[in-house]
Enquirer: 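The structure under discussion is supplied below as structure tokens; questions concerning it will follow.
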Amino acid sequence: MSQPEKITKNSDGELVVPDHAIIPFIEGDGIGPDIWRATQAVIDGAVKTAFNGERKIHWRELSVGEKGYKKDGQWLSDEALADIREHMVAIKGPLTTPVGEGIRSLNVSIRQKLDLFACIRPVKYIESVPSPMKNPRDINMVVFRENTEDVYAGIEWAAGSEEAERVCTFLRDTMGADLPENPGIGIKPISAKNTKRLVAKAIEYAIENDYSSVTLMHKGNIMKFTEGAFRNWGYEVALEQYRDRIITEDELWDTYGGKQPAGRIVIKDRIADMLFQQTLLRPEEFGVIATPNLNGDYISDALAAQVGGLGMAPGANVSNDCAVFEATHGTAPKYAGLDKVNPSSLILSGALMLDHIGWKDAGNLIRTSLQATVQAGKVTYDLARQIEGAKEVTCSAFGQAIVARMG
């Protein structure tokens, strides 16, 4: 039997994945243990079936969140972060946000400390899942959300604090800003470097996965030097690095008469509020969406609602060095330990992880088996109450049903 090995990279920066790969996991808080057990069984079953037992994942648990705090008083240890960097790929359940412990959000902290600059959220309809849309099958989008800056950088000061007053004094007296009395203050940094690497990764994804367009989502008509700059820098990196693979939307009409040439991706932009409307009315017009942090948070959840909600939405946080795949919903503590909730978000994130390491046959097997299980009406309570004639099953039984359909 082969010995477990770490995933590494070659001189070209490509992942080198052994047949017996070590992958860290974070179980998560609240419902985390329930959905992780179901997910692990599905991933292991898919890998075994897809590769006839020749490949295997050797799971390495990291104590993060409540488990880490109980173990050594640390919600997120440097050792856990170093472990993820060393192994290059990890998967995690939902984590609680500790109150009064000096960490705004463990999820945000992991992204920022590991510089996981791209939050990737694919949104695609699964047959039989209830949707508020008339034609949910037209929805096939992937959101690339910048993870490290914007208002989510956490640079803010409370109203009435000494720090807020010092910033307000500077803004009023030096910069001539007109501010209300005693405001809370937040800073919104958006940079060329971080924008360009995010948009570049979005374009590369579109090329590799045959999407026809990348849309830059922004509110640059109002925030001209932050989100407007995001739009401009997005076009710049497209033209600088991918000129032979892209055309702008203006070129599509002015040069090509509206007919998209083969092998070229259209780069376009939309104002954020307009894009929310257009993804509802004309979802077939959008493929990959690249956006600053706050917009990305909004649009990814709004799109997920169109295909069944966050319980069906996978997610990944990726840098050029490592990647963390995660459930996109919260910890739902009132359901903890009840073996009740839908594990599909984490299961589908596991499929994304398998795609990422090049084990796409196993990732596709998860998606097709999950689809077949839902269509057969064997689902957890959240879907059972919406699908006529469905049979409600537990979280673990749903995972087992998916594995049973892999044979």
Side-chain angles (χ1 to χ4, degrees), residues 118-127 129-146 150-151 190 195 198-199 201-203 205-207 209-224 226-239 242 245-261 264-310 312-315 328:
C119 177
I120 305 173
R121 293 279 296 273
V123 185
K124 188 173 183 179
Y125 181 63
I126 293 176
E127 292 290 339
V129 173
S131 169
M133 305 300 293
K134 290 182 179 179
N135 298 301
R137 294 165 190 81
D138 292 339
I139 299 166
N140 182 12
M141 300 177 221
V142 184
V143 177
F144 273 70
R145 167 191 173 193
E146 205 291 320
D150 196 357
V151 290
I190 289 183
T195 295
L198 183 277
V199 175
K201 192 164 282 292
I203 293 172
Y205 185 95
I207 292 170
N209 293 278
D210 297 322
Y211 281 90
S212 62
S213 69
V214 174
T215 302
L216 305 172
M217 177 187 184
H218 63 92
K219 193 63 178 170
N221 57 328
I222 305 299
M223 292 171 277
K224 299 182 185 299
T226 51
E227 300 209 10
F230 178 93
R231 170 199 179 275
N232 296 339
W233 290 324
Y235 278 114
E236 283 180 16
V237 73
L239 294 168
Y242 304 97
R245 296 303 305 272
I246 67 97
I247 58 172
T248 66
E249 190 171 32
D250 286 345
E251 290 171 335
L252 172 67
W253 294 103
D254 296 345
T255 305
Y256 297 97
K259 186 176 180 180
Q260 187 168 346
R264 295 293 188 99
I265 292 168
V266 176
I267 307 297
K268 54 189 177 182
D269 70 279
R270 296 290 184 272
I271 302 297
D273 44 352
M274 180 192 300
L275 187 62
F276 274 100
Q277 174 181 253
Q278 291 183 343
T279 56
L280 286 169
L281 299 177
R282 302 196 296 274
E284 69 280 356
E285 294 183 7
F286 300 96
V288 175
I289 297 171
T291 173
N293 207 332
L294 181 60
N295 291 339
D297 198 0
Y298 292 156
I299 193 71
S300 56
D301 282 14
L303 291 177
Q306 298 182 41
V307 296
L310 290 178
M312 305 301 295
T328 58

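The analysis underlying the following values was restricted to heavy atoms, covering all of them including side chains, and did not include hydrogens, waters or symmetry mates. These numbers were taken from a predicted model, which means no experiment stands behind them.
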Enquirer: Using the side chain to side chain donor-acceptor pair (under 3.5 Å) definition, which of the options His218, Glu249, Glu285, Gln277 pairs with Arg270?
Expert: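 The side chain to side chain donor-acceptor pair (under 3.5 Å) with Arg270 is passed solely by Glu249 among His218, Glu249, Glu285, Gln277.
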
Enquirer: Could you check whether any side-chain N or O of Thr255 sits under 3.5 Å from a backbone N or O of Leu252, counting only pairs where one atom can act as donor and the other as acceptor?
Expert: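 Checked: no pair found.
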
Enquirer: Of all the heavy-atom pairs spanning Lys201 and Ala118, show the shortest one and how long it is.
Expert: CD-CB, 4.0 Å

Enquirer: Which of these passes side-chain contact (heavy atoms from CB on, under 4.5 Å) with Val123: Leu303, Thr279, Ile289?
Expert: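 Per the side-chain contact (heavy atoms from CB on, under 4.5 Å) rule, the option paired with Val123 is Leu303, out of Leu303, Thr279, Ile289.
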
Enquirer: Could you pull out the closest heavy-atom pair between Met133 and Pro136, with the gap in Å?
Expert: O-CD, 3.4 Å

Enquirer: Taking all heavy atoms of Phe230 and all of Ile190, pick out the closest pair and write down the distance.
Expert: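 Phe230 and Ile190 have their closest heavy atoms at CB-CG2, 4.3 Å.
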
Enquirer: Give, for atom CZ of Arg282 and atom CG of Leu275, the distance between the pair rounded to the nearest 0.5 Å.
Expert: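 One finds 10.5 Å between CZ of Arg282 and CG of Leu275.
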
Enquirer: For Val143, does its backbone N or O pair with a side-chain atom of Ser300 as donor and acceptor, under 3.5 Å?
Expert: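 Pair absent, no side-chain N/O of Ser300 close to backbone of Val143.
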
Enquirer: Among Asp150, Asp297, Leu198, find the one that has a side-chain contact (heavy atoms from CB on, under 4.5 Å) with Pro292.
Expert: Asp150

Enquirer: Could you tell me if Asn295 and Glu227 have a donor-acceptor pair between their side chains, going purely by distance under 3.5 Å?
Expert: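 Per modelled atom types, Glu227 and Asn295 side chains form a pair under 3.5 Å.
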
Enquirer: What distance separates Thr215 OG1 from Met141 CE, expressed to the nearest 0.5 Å?
Expert: 9.0 Å

Enquirer: CG/Leu216 to CD1/Ile271 distance, rounded to the nearest 0.5 angstrom?
Expert: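 Separation between the atoms: 11.0 Å.
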
Enquirer: Are the side chain of Gln306 and the backbone N or O of Ile139 linked by a donor-acceptor pair below 3.5 Å?
Expert: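 Not at all, since once roles are kept as given, no pair shorter than 3.5 Å links the two residues.
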
Enquirer: Evaluate side chain to side chain contact (heavy atoms under 4.5 Å, CB included) for Met217 paired with Phe144, printing each intermediate quantity in order.
Expert: CA-CA 10 Å; Met217 177 187 184; Phe144 273 70; over 6 Å; no

Enquirer: Minimum heavy-atom separation for Ala238 and Ile203, please, with both atom names.
Expert: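 So the two residues come closest at CB-CD1, 3.7 Å.
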
Enquirer: Under 3.5 Å, is there a donor-acceptor pair linking the side chains of Asn140 and Tyr211?
Expert: yes

Enquirer: Ignoring hydrogens, what is the shortest heavy-atom contact between Ala290 and Val199? Give both atom names and the distance.
Expert: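 Heavy atoms only, the tightest pair is CB-CG2, 4.3 Å.
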
Enquirer: Any side-chain heavy atom of Thr291 within less than 4.5 Å of one from Tyr298?
Expert: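 Answer no - side chains too far apart.
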
Enquirer: Walk me through whether Val142 and Ile120 qualify under side chain to side chain contact (heavy atoms under 4.5 Å, CB included).
Expert: CA-CA 7 Å; Val142 184; Ile120 305 173; 3.7 Å; yes

Enquirer: Could you go through the side chain to side chain contact (heavy atoms under 4.5 Å, CB included) check for Val214 and Tyr205 one step at a time?
Expert: CA-CA 10 Å; Val214 174; Tyr205 185 95; over 6 Å; no

Enquirer: What pair of heavy atoms forms the shortest contact from Pro314 to Met312, and how long is it?
Expert: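 Answer, listing the atom of Pro314 first, then Met312: CD-O, 3.5 Å.
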
Enquirer: Give, for atom CD1 of Ile247 and atom NZ of Lys268, the distance between the pair rounded to the nearest 0.5 Å.
Expert: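 Between Ile247 CD1 and Lys268 NZ, I get 11.0 Å after rounding to 0.5 Å.
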
Enquirer: Before accepting this row, confirm whether a basic side-chain N of the pair Lys219/Asp273 lies closer than 4.0 Å to the acidic partner's carboxylate O.
Expert: yes

Enquirer: Does Asp138 reach the main-chain N or O of Pro283 with its side chain, forming a donor-acceptor pair under 3.5 Å?
Expert: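 No, Asp138 side chain to Pro283 backbone: no donor-acceptor pair under 3.5 Å.
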
Enquirer: With rounding to the nearest 0.5 angstrom, report the NZ to CH2 distance, Lys259 to Trp253.
Expert: 12.5 Å

Enquirer: Counting only N and O atoms by type, is there a donor-acceptor contact under 3.5 Å from the side chain of Thr248 to the main-chain atoms of Ile267?
Expert: no

Enquirer: Would the distance check show the side chain of Arg245 and the main-chain N or O of Arg264 forming a donor-acceptor pair, the cut-off being under 3.5 Å?
Expert: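 Not a single qualifying donor-acceptor pair exists.
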
Enquirer: Within a radius of less than 6.0 Å around NZ of Lys124, do more than 12 heavy atoms belonging to other residues, nucleotides or ligands occur?
Expert: no

